[in-house]
Amino acid sequence: MYGTYRYPCAIEEESVSVEVTEENGLFIYRRICGDDTRELVISPRDGELIINPVEPVNLPKNITRFLEIEFDKIVMSPESEDTYYLTFPVEIGVFLKSGKSVSLLDVFSQAASKYSLYGSPKEGVVVRWHKSVVHRKMPEIDNLREGVMSLKIVNPEKEIVELSIGIFDSYGMKIFYNDWYVTMSAEIKVLPKDEAETKFFNAPIVAGTDKTIELYYGREIPVVGKFYKMNWGYQ
Amino acid sequence: MDIVNVFLNTPVGTDNLYVIDVIYFVIIIIATFILAAFISKKIKKGLSGWMPVNDREMTSKIVYFSIVAIGILVALPHLHVELSGLLIAGGFLSIIIGLAGQTVIANFFSGLILFFEQPIKIGDNIGVGDTLGTVEDIRILSTIIKTYDGIYTRIPNQTLFTSNITNYVAHVARRFEYSVGIRYSDDADRAIEVIWEVINKHPFALKNPSPSIYVDELGDNAVVLIVRIWAPSSEWWDVRTELLWKIKIALEENGIQIPFPQRTLWFPEGTGHEESADSIN
């Protein structure tokens, strides 16, 4: 499904279909994803559709920039680091490219959306919630529903820590995809006082994957990097 | 040329004040207002997407009035107004203004305090007294609220400052609750399970804090369940209106009914009332 298509075109996979047809001189974009449908008239005659995964914080509507992944509790020994694999929900973006201009046309998903609160109602943040099993190796996934996140956990502290959630800022997510995988690579670094920092790596974990068009650009300071500080703990 | 020079050097009033001085003053004032409007507009545009609407509006207003104040201070010497004298004059003036415009001053300072305290922001859903609506603008002297039925309401800042303000979206999440009555013959545990499933399917019924559902009361006509749900403040009304009907449908689909108020009358045998009860039916 992912890729670039000149229209008229019709793409169908599982219960998802995307097509652009020419009817009475108009280009009609139609998308069906389960019970969710969308129809638009698109103007450019020489345009292209680009279909790729986007940051999973847009559906049913964008109310937060944060993704929370809750996972089975991981106990980290002092001054250690380890890498695990988690899953994350996939939202699919359809972009219209005309000349050098690229614009988001549609976002849909087969993954169920659920939101949660990280922190207190007064000062916390609403987050898109996802529950994941912890894997030691890359799991097999349905890349239209789920992606794989390689998560490096770093515990530089002198105490054993237990982690069960990670909060990830969509400003900074680097998603890569091919016909089989949708992937991200992230890190949680444990800090004193039960806090932690999360960040993304701008590198694919699977060779031969392309980087997606980012909806949310991180205002990254080159030297410091882009972090999200988990002030409300990691379990 | 001479005529122009003569005109420009024509005395106006006293104290060596000439037409050219007045023209300088007017030009500086006009330029100040144009510059202030231009810069504040640029700032508003430049900060778009970087700063919340409320902060953006306030920043541009502060910049606007700061530039105007500087412009006035720069322009006044052209009218031969001594700024040092203004301090003394300002003292007297403030007494006069204070007496003449107590309400205006009170509104102004209330506005300043509200600005620093920030109990409300533009776009917030608030309640002040009987007025419920969305904050459209926070001005120096008053705050504009658009009520939910679209009415423009201007509330003086002093009134706002001295009233109880309820800000429905100050916190990122809020809780609401339903009372759901089921029949005594229904299984309350099953009803709780069904309601739980409905809530879990709604994306904006928050996972954490977790919803709570429990039997609250053995009422006259029903077993009353309380359902408490947390939702993002921006979405709570939609979630509240959507879920109640879905809960009702789901309960009915599972054979659990929400009863009407009803009363069963029992008549002892042999009193003759059986007949009258039958005749009623």
Side-chain angles (χ1 to χ4, degrees), chain A residues 33-36 56-71 88-89 91 107-132 164-167 170-171 214-221 226 230-235, chain B residues 46-53 55-56 117-121 123-126 134 165-177 195-212 228-243 246 249-250:
Chain A
C33 177
D35 297 330
D36 184 24
V57 289
N58 304 285
L59 296 173
K61 68 183 195 185
N62 177 241
I63 62 162
T64 179
R65 50 190 270 198
F66 300 104
L67 169 70
E68 174 182 295
I69 302 183
E70 185 182 334
F71 45 86
F88 65 90
E91 288 182 7
V107 181
F108 59 94
S109 178
Q110 290 184 292
S113 293
K114 192 71 182 168
Y115 287 78
S116 185
L117 178 68
Y118 174 66
S120 73
K122 186 182 174 190
E123 292 165 303
V125 286
V126 171
V127 292
R128 165 84 189 266
W129 178 85
H130 175 79
K131 172 84 179 171
S132 171
S164 58
I165 56 165
I167 309 292
S170 59
Y171 285 86
E214 285 178 42
L215 289 182
Y216 306 93
Y217 293 98
R219 290 164 189 154
E220 192 171 325
I221 304 163
K226 176 81 181 170
M230 295 172 60
N231 291 314
W232 300 90
Y234 39 74
Q235 60 173 332
Chain B
L47 293 176
S48 172
W50 291 75
M51 204 181 250
V53 182
D55 296 348
R56 207 164 66 212
E117 194 187 349
Q118 292 204 324
I120 55 171
K121 296 196 287 288
D124 283 358
N125 295 318
I126 66 163
T134 309
I165 301 172
T166 307
N167 190 330
Y168 296 104
V169 293
H171 294 173
V172 294
R174 61 177 291 190
R175 196 187 70 182
F176 61 90
E177 74 176 38
I195 295 171
W196 197 269
E197 283 168 14
V198 174
I199 294 171
N200 269 346
K201 278 184 195 161
H202 198 292
F204 293 132
L206 296 180
K207 185 82 185 167
N208 176 47
S210 175
S212 70
R228 287 184 171 154
I229 303 162
W230 284 85
S233 296
S234 59
E235 308 301 318
W236 83 275
W237 180 251
D238 291 342
V239 180
R240 188 180 182 280
T241 49
E242 278 173 36
L243 273 180
K246 285 184 178 172
I249 301 273

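The basis for the numbers below is simple: all heavy atoms, side chains too, and nothing from hydrogens, waters or symmetry mates. Naming convention: chains lettered A, B, ... in sequence-line order (proteins, then strands); numbering from 1 in each chain.
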B:F204 and its side chain to side chain contact (heavy atoms under 4.5 Å, CB included) partner, picked from B:D238, B:L243, B:V239 = B:V239
Yes or no on salt bridge (charged side-chain N to carboxylate O under 4.0 Å, His left out) for A:E70 and A:K114, after CA distance, side-chain angles and deciding distance?
-> CA-CA 12 Å; A:E70 185 182 334; A:K114 192 71 182 168; over 6 Å; no
Checking heavy atoms, do the side chain of A:I63, its backbone, both or neither come under 4.5 Å from chain B?
-> side chain
So, A:S132 side chain and A:F71 main chain: donor-acceptor pair closer than 3.5 Å or not?
-> no
Is chain B contacted by the side chain of A:S120, its backbone, both, or neither, given a heavy-atom distance below 4.5 Å?
-> backbone
NZ/NE/NH1/NH2 to OD/OE distance under 4.0 Å, B:E235 and A:K61 = yes
Structural part of B:A205 lying under 4.5 Å from a heavy atom of chain A = both
